[in-house]
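Report on one structure; see the data block that follows.
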4 protein chains.
Amino acid sequence: MGAKASRTEKHILAKAREIFSKKGFKNVTMQDIVDACDISRGGLYLHFSSVEDIFLAVLKAEDSIGSDNEASSKNVEGEGDYLDGISVSTKLSASDRFAAFLKEQKRFILRRKDGLSLALMEYYSGHNSSPDNNYIKGRFDDCVHTIEEIVSDGALSGEFECEDVAGFARNLAYVLEGLKTMATVVSISEQTVDKEMFYILQGIVPVDQYINN
Amino acid sequence: MGAKASRTEKHILAKAREIFSKKGFKNVTMQDIVDACDISRGGLYLHFSSVEDIFLAVLKAEDSIGSDNEASSKNVEGEGDYLDGISVSTKLSASDRFAAFLKEQKRFILRRKDGLSLALMEYYSGHNSSPDNNYIKGRFDDCVHTIEEIVSDGALSGEFECEDVAGFARNLAYVLEGLKTMATVVSISEQTVDKEMFYILQGIVPVDQYINN
Amino acid sequence: MGAKASRTEKHILAKAREIFSKKGFKNVTMQDIVDACDISRGGLYLHFSSVEDIFLAVLKAEDSIGSDNEASSKNVEGEGDYLDGISVSTKLSASDRFAAFLKEQKRFILRRKDGLSLALMEYYSGHNSSPDNNYIKGRFDDCVHTIEEIVSDGALSGEFECEDVAGFARNLAYVLEGLKTMATVVSISEQTVDKEMFYILQGIVPVDQYINN
Amino acid sequence: MGAKASRTEKHILAKAREIFSKKGFKNVTMQDIVDACDISRGGLYLHFSSVEDIFLAVLKAEDSIGSDNEASSKNVEGEGDYLDGISVSTKLSASDRFAAFLKEQKRFILRRKDGLSLALMEYYSGHNSSPDNNYIKGRFDDCVHTIEEIVSDGALSGEFECEDVAGFARNLAYVLEGLKTMATVVSISEQTVDKEMFYILQGIVPVDQYINN
DNA sequence: AATGAATGAGCCTTCATTCAT
DNA sequence: TATGAATGAAGGCTCATTCAT
């Protein structure tokens, strides 16, 4: 809760994250977290006052690390290791950035075990929180924005052909959202995701740009 | 639970449906249902043995009525009143059927108050049920199938132009799923839905085919 | 809680009364009452929702029975058995009524085991309730009023001599309150009470009127 | 606990006193005291081992200072500033001392915010301590004794007329106790207290002796 | 069939007290 | 001496489920 999360708090948040990704939000009890953390009831309350409190802290930690989130275009720039044989110091092409973005999304969709999608839905669906501080809405908007940026860059450089960039970005974002939803409920194969991304890419670009991992 | 649902059971299911659509699945208690049904605790247990039991019965009833679901192409045929001035006995054009389908989807997305989306997600997310008897998966597949059917009909009749019907159907289905997800968590305007559907339609058909309600 | 207290509720209130008189208010837990009543946790909550709820119900029951309260002049009229050899049908003299009143007060002070004084003090001291619905204030005012009534009757009939009836009544009421307070904290002997009442009576009446029990 | 209360201990007791006077005894937690004292949990335990321990220490400090207690005749002697225009070095008259005593009692009754009455009641009511070391009993006896002393002096000097000094003293002490009780539960006005004291004084002395502050 | 009082397990939260630093 | 994180017992409340009537 403080500026510097103590070792204990980090430990709690890590364990709690696992639990939320496994059980969603509504089913998680303080007891679950106590058990997982090997901590006492009172000890947990010393750091967090409710499951909600913990969940929000998990989300905040999530943001500051970015480990689970969409790879922002910025991140990608500095993290050439995600891509094969591309110099870190070089400005990445739009195609590369798009490929990286999709790869990240795919990872997110497939490894739903690590994901908080369900917990997020449960939390916000029962919360009518203002759209402003709604994590899911924010995530969606970020996603749209990232796509727009990449695609419009690619359109300028001639890599992509796309008349309605905004429309394309929204369309893709909804497809990704739909895939995430399905993934929380049904197990989805890599092929399924690939097939879908391939379909979308066809609309703007020669296919060989999209490199499978 | 017997073969024929008694009057009492129908009443219980109707009330329970309202509750599930309002509160999702995990938050609903037997007490909630007892209160809403003006029935005794014991009386309820005479018919259903748990909240889950009731929820499953609601879903089953849902299917046999189809009131909340996607309008299947079959349904649409028989329900000319959804469309303007089209004789019930006439075989509808693909465009009309597609318009009706989208209109139904839009209704479903916007009136999430009547919907069981959240309850479904909560139920199946905590259930790892086999894909076969997974309601959401089934709904998605039905949706894809309906779209394929309509669009391939339209392609034959020259109303639509679409090379990859299967791809288009899946794409649209995921977008719809994404919209449904967002709608359970953020309030979504009619314009938002319209814009999205319009974008997709552009891909296969002249716009004037899509009639707003 | 309803109009007719069920057998169970009566049982709970009776047991709870014992507990309150023994432990006051603040120390009493739902668990205490559960244990004393041989009832389940849930069962208790079926009837009462908190210790406070139960305490208030005890007070209400108290009032409607009047077993623990000051003998009102009305009560005394019909209850000749409290006095020695006085015909029930006869209108009692002021002296007799005063004797009865004091006897009742004495009983109340001495049998503090049965009394709710401490519980009342604890409850209202932490409650800043409006004076109107304050049980202790009401009890005090009733007490003053009863004394005034009796003494002014006695003054008219020549049994008592008292110039400032209101002052006398208040004075006596405070003394009684002081005795009740002391009794909750220190054990007080019958002699102590007698001595005090005797002293006060001297102020208005020849002593032989006051008959010890 | 030590022979000489350290600076820290004095600080703790002062803060604790405030808390007890505000919240009584049963509601006070170690945490309350820790918070008020700007001390650590462990630090507090270094000095006192429980809330009860602290409370008892507060009472002991109280006695040795006498700040909250009845003004003993001795105290009054040295505190001429409570009385108007009477030389400190002069032996005070019984009337003056009685006036001072009553003024002090009035202050105590009215400013119950500063008082420990409630805390005392709560503490001793749950303690069945022997009458000997019972603070309330002691306070009461002191009060009676002080009154007796003053009034018998006044009787000798002709200032008061009182046949039964002991009876009068007890009577007044109980009235004061009753007033204190009522004050902890109902808010009591200055007029109410004045009226009561005036009534009692009439019994032994011409009224103009009693000077209002 | 129907009732609703009763049960008891389970989760929430608070607090006195301890203990490693 | 002093700190404050950690502990665990205790009490509050809710809910699925049972059962005598």
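First the proteins, then the strands, lettered A, B, ... as listed; each starts at 1.
- Using a 4.0 Å cut-off, some side-chain N or O of D/S40 falls inside it from OP1 or OP2 of F/dT3.
- Set against E/dA2, F/dG4, E/dT3, the side chain of B/H47 has E/dA2 as its closest nucleotide.
- In this structure, the side chains of D/I54 and D/M30 come closer than 4.5 Å at one or more pairs of heavy atoms.
- Checked options C/L46, C/I33, C/I12; the residue passing with C/I39 is C/I12 (criterion: side-chain contact (heavy atoms from CB on, under 4.5 Å)).
- The distance from atom CD1 of A/I54 to atom P of E/dT13 is 10 Å, rounded to the nearest whole Å.
- Atom CD1 of A/I19 and atom P of E/dC11 are 13 Å apart (whole Å).
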Dot-bracket notation for DNA chain E, counting Watson-Crick and G-U pairs under 3.5 Å, with | for partners on another strand: .||||||||||||||||||||
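- B/D35 places its CG atom 11 Å from the P atom of F/dC15, with the value rounded to the nearest Å.
- With contacts defined as side-chain heavy-atom distances shorter than 4.5 Å, the pair B/H11/B/R7 does not qualify.
- In this structure, B/K26 places its NZ atom 18 Å from C1' of F/dT14, rounding to the nearest Å.
- D/L44 places its CG atom 16 Å from the C1' atom of E/dC19, with the value rounded to the nearest Å.
- Regarding C/H11, its NE2 atom lies at a distance of 14 Å from the C1' atom of E/dA6, rounded to whole Å.
- Using a 4.5 Å heavy-atom cutoff, the side chains of C/Y123 and C/L56 are in contact.
- Here the side chain of D/D32 pairs a donor or acceptor atom with the backbone of D/T29 at under 3.5 angstrom.
- DNA chain F is contacted by both C/G42 and A/G42; A/G42 maps to the nucleotide lying nearer its 5′ end (nearest heavy atom per residue).
- Regarding C/F48, its CZ atom lies at a distance of 19 Å from the C1' atom of F/dT14, rounded to whole Å.
- Using the six-membered ring where Trp is involved, C/F20 and C/F25 have ring planes that are parallel, under 30° apart on the 30 and 60° scheme.
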Would you list the protein and nucleotides 10-13 of chain F atom pairs, both N or O, that sit under 3.5 Å from each other?
{"unit_1": "F/dG12", "atom_1": "OP1", "unit_2": "C/M30", "atom_2": "N", "d": "2.9"}
{"unit_1": "F/dG12", "atom_1": "OP2", "unit_2": "C/M30", "atom_2": "N", "d": "3.1"}
{"unit_1": "F/dG12", "atom_1": "OP2", "unit_2": "C/Q31", "atom_2": "N", "d": "3.3"}
{"unit_1": "F/dG12", "atom_1": "N7", "unit_2": "C/R41", "atom_2": "NH2", "d": "3.0"}
{"unit_1": "F/dC13", "atom_1": "OP2", "unit_2": "C/Y45", "atom_2": "OH", "d": "2.2"}
{"unit_1": "F/dC13", "atom_1": "O5'", "unit_2": "C/Y45", "atom_2": "OH", "d": "3.4"}
{"unit_1": "F/dC13", "atom_1": "N4", "unit_2": "C/R41", "atom_2": "NE", "d": "2.5"}

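- Per the geometry, CG belonging to C/L46 stands 8 Å off C1' belonging to E/dG4, to the nearest Å.
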